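To start, the structure itself, in structure tokens.
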Amino acid sequence: MSTPRPPGELAPALPLALVFLAAFVLPLVALVAISLFRTPAFAELSPAQYLRFLGDPFSLRVLADTVMLGLEVALCALVLAYPLALVYVASGPLIRTGLIFLILLPLLTSTVVRTFAWIVILGRDGIVNSAMLSLGLWDSPARLLYSWGGLVLALTQIQLPLMALPLINSLLRLDGNLARAAEGLGAGRVRAFVTVILPLTLPGAIAGLLLVFAAAATAFITQTLIGGGRIILMPSYIYQQSMGVQDWPFAAALSLIFTAAVIGIVAAIGALSRRLTRGLDAA
Amino acid sequence: MQRDLSDRIYSGVVGAIAAASVLLLLAPTLVVLIISLTSGMTLKFPPPSWSARWYVELFRSPELLTPALTSLQVALWTTLFSAVLGSAAALALARNRSRIARLLDALFMSPMVLPAMAFSLSLLLVFNVIGIRLSFATLVLGHTIVCVPFVIRMVGAAVQQLDPVLVTCSLSLGASRWYTFRRITLPLIRRGIVAGGLVAFLSSFDNVPVSLFLADARTEVLPIKLWAILEGSLDVRVAAVSGVIVVLTLIGLVCAETLGGLSRSFGKSSS
């Protein structure tokens, strides 16, 4: 693998490279350029759009809410997926296949369909409300749809597979003897989990956190349908400013700020995990 | 004694949360299938009685059938382009450690990190500036960019499992490059191409952000049509469409499992 290869080896990648250059790199450069115009009619270069964003409490709030949503969903998914992954690796082949199917099916089913299911569950006449009313626990239907809690719950379920798969992968890679050794040496199961399993599967957990965070923060369909019109988050804000108001420079700046925020947080979590695992090696 | 108790609490908590996760994973699919068989006019749960009327209704709804057909066509073209361009790129890059290869690989993967909305808006702006009218083709182009990473990842994994000695042997025994590709490389990476193609197809069929920006007024795709319906009213026909999608996805999953061992490929990538 370390032998130098002739440059012709890269030739099969050339067609895709050209497509990406024209339809991916060039547009992103254009996006940056357009965000630097002061008016929607593309007049006068200035950082006005970015200053406008920074000076507008509403815009800042939308960004903060979107980031918070992503983080909350990622943490909820982590709490749910760890036990699921632990049960997976402790099971026999039949249950394993069943669980993988159960995880893959929602992942591959259309997002609109999964979101629709949550409308049925959380709606006014939905499952939760009719169950609570018929059990006499609630006097009147609660407003679950168009609420923050409902949105976090729905997104957690919708993105759960993205957390479960990398966790299962890194648990499978873990030598099961390590946890058994820890227990054999007198550590309780809780301690074996905290001191052995958790640190060694941290890369999988981090990978899952990053995937779920990015997916939840950008989930336009679920955000608009479950969150409703009153919860405004970055994706619908960008949509509204571009296709609605047609303020292209501001929409371009919003997309870039949002992209920077998502990638920045992904990089920060990644760096944090590297520091944590390095600390582990040193210990 | 105390350790025994904490062990039992640990197992109980892990078991309970895992059970909740399983229920949570399963529930929405079941809910969709159940509500799609309601006889009622609303999404009231549980349904007052059972009926297939909403499925029958679908066949009389060209406003849903046309977008479904459009989505199918977009997804097929996207899968074709992603599979061909992505497999070729994966073959070139998967075993190449050179700097330029790593750079290209990072570039091809970046649509997965970049919010699709930002990318779609940027492509729309470029089309506007240079005067390209939106069409079916612009839509497929946008879809291909966001779907090709799946093919590259899965074909790349297959290429890395391929023993390079097999190719060297074939070549040194006098087989041509094309013959070697057709008879040695292709059969060995087929599973990766099938799995990557399936995921690319499904994610194109499901894509909203790209279609939101890059579809012209005449090209309406299914997920956006469904989204628009759900934003306005709670039409029970959406339940029937969802039922069809769930069943088709299930069939696709079973096919992928029997053809390519989808669940096995997840197990394998880990060992």
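Residue numbers begin at 1 in each chain, while the letters A, B, ... track the order of the sequences. A quick note: this is a predicted structure, and the numbers were derived from the prediction, not measured.
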Rounded distance (nearest 0.5 Å) linking atom [atom1] of [X] with atom [atom2] of [Y]:
| X | Y | atom1 | atom2 | value |
| --- | --- | --- | --- | --- |
| B:I35 | A:I121 | CD1 | CD1 | 10.5 Å |
| A:R114 | B:D206 | CZ | CG | 7.0 Å |
| B:L125 | A:S35 | CG | OG | 10.0 Å |
| B:L253 | A:L107 | CG | CG | 9.5 Å |
| A:L10 | B:N96 | CG | CG | 5.0 Å |
| B:L230 | A:I226 | CG | CD1 | 9.0 Å |

Residue [X] versus chain B: region with a heavy atom under 4.5 Å:
| X | answer |
| --- | --- |
| A:I119 | side chain |
| A:T109 | both |
| A:L28 | both |
| A:T115 | neither |
| A:L99 | side chain |
| A:I263 | side chain |
| A:V266 | neither |
| A:A251 | both |
| A:S110 | both |
| A:V32 | neither |
| A:L160 | side chain |
| A:P106 | side chain |

Contact origin within [X] toward chain A - heavy atom pairs under 4.5 Å:
| X | result |
| --- | --- |
| B:A239 | both |
| B:I145 | both |
| B:L124 | side chain |
| B:L93 | side chain |
| B:P223 | both |
| B:L104 | side chain |
| B:F108 | both |
| B:P164 | neither |
| B:F127 | neither |
| B:I17 | both |
| B:L250 | both |
| B:V126 | side chain |
| B:L25 | both |
| B:S110 | both |

Taking every non-hydrogen pair under 4.5 Å, which of [options] racks up the most with chain A?
| options | answer |
| --- | --- |
| B:T42, B:V148, B:T144 | B:V148 |
| B:L226, B:L107, B:V246, B:T29 | B:L107 |
| B:S120, B:S98, B:S11 | B:S11 |
| B:V84, B:N128, B:L141, B:L85 | B:L85 |
| B:S203, B:P111, B:A20 | B:P111 |
| B:V129, B:L91, B:V22 | B:V22 |

Should [X] and [Y] count as side-chain neighbours, where that means a heavy-atom distance under 4.5 Å?
| X | Y | answer |
| --- | --- | --- |
| B:I34 | A:V120 | no |
| A:F101 | B:V254 | yes |
| B:V241 | A:F116 | no |
| B:F81 | A:V19 | no |
| B:L114 | A:F24 | yes |
| B:V113 | A:T259 | no |
| A:I238 | B:L121 | yes |
| A:L16 | B:I152 | yes |

For chain B, the option from [options] that forms the most heavy-atom pairs under 4.5 Å:
| options | answer |
| --- | --- |
| A:L210, A:V87, A:L105 | A:L105 |
| A:V262, A:T218, A:I221 | A:I221 |
| A:F193, A:Y82, A:F258 | A:F193 |
| A:P27, A:S255, A:G123 | A:P27 |
| A:I34, A:L254, A:L84 | A:L84 |

Where does the angle between the aromatic ring planes of A:F220 and B:W227 fall among parallel (under 30°), tilted (30 to 60°) and perpendicular (over 60°)?
-> tilted
Heavy-atom closest contact ([X] atom, [Y] atom, distance):
| X | Y | answer |
| --- | --- | --- |
| A:A23 | B:F119 | O-CE1, 3.2 Å |
| A:E9 | B:A92 | O-CB, 3.4 Å |
| A:A117 | B:V31 | O-CG1, 4.0 Å |

Exceeds 12 heavy-atom contacts within 6.0 angstrom, atom [atom1] of [X]:
| X | atom1 | result |
| --- | --- | --- |
| B:M41 | CE | no |
| B:R102 | CZ | yes |
| B:I100 | CD1 | no |

Hey, does the side chain of B:S21 reach the backbone of A:L80 with a donor-acceptor pair shorter than 3.5 angstrom?
->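 Indeed, once roles are kept as given, a pair shorter than 3.5 Å links the two residues.
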Are A:T224 and B:E231 close enough, and set up right, to give a side chain to side chain contact (heavy atoms under 4.5 Å, CB included), and what steps lead you there?
-> CA-CA 8 Å; A:T224 48; B:E231 278 244 298; 3.9 Å; yes
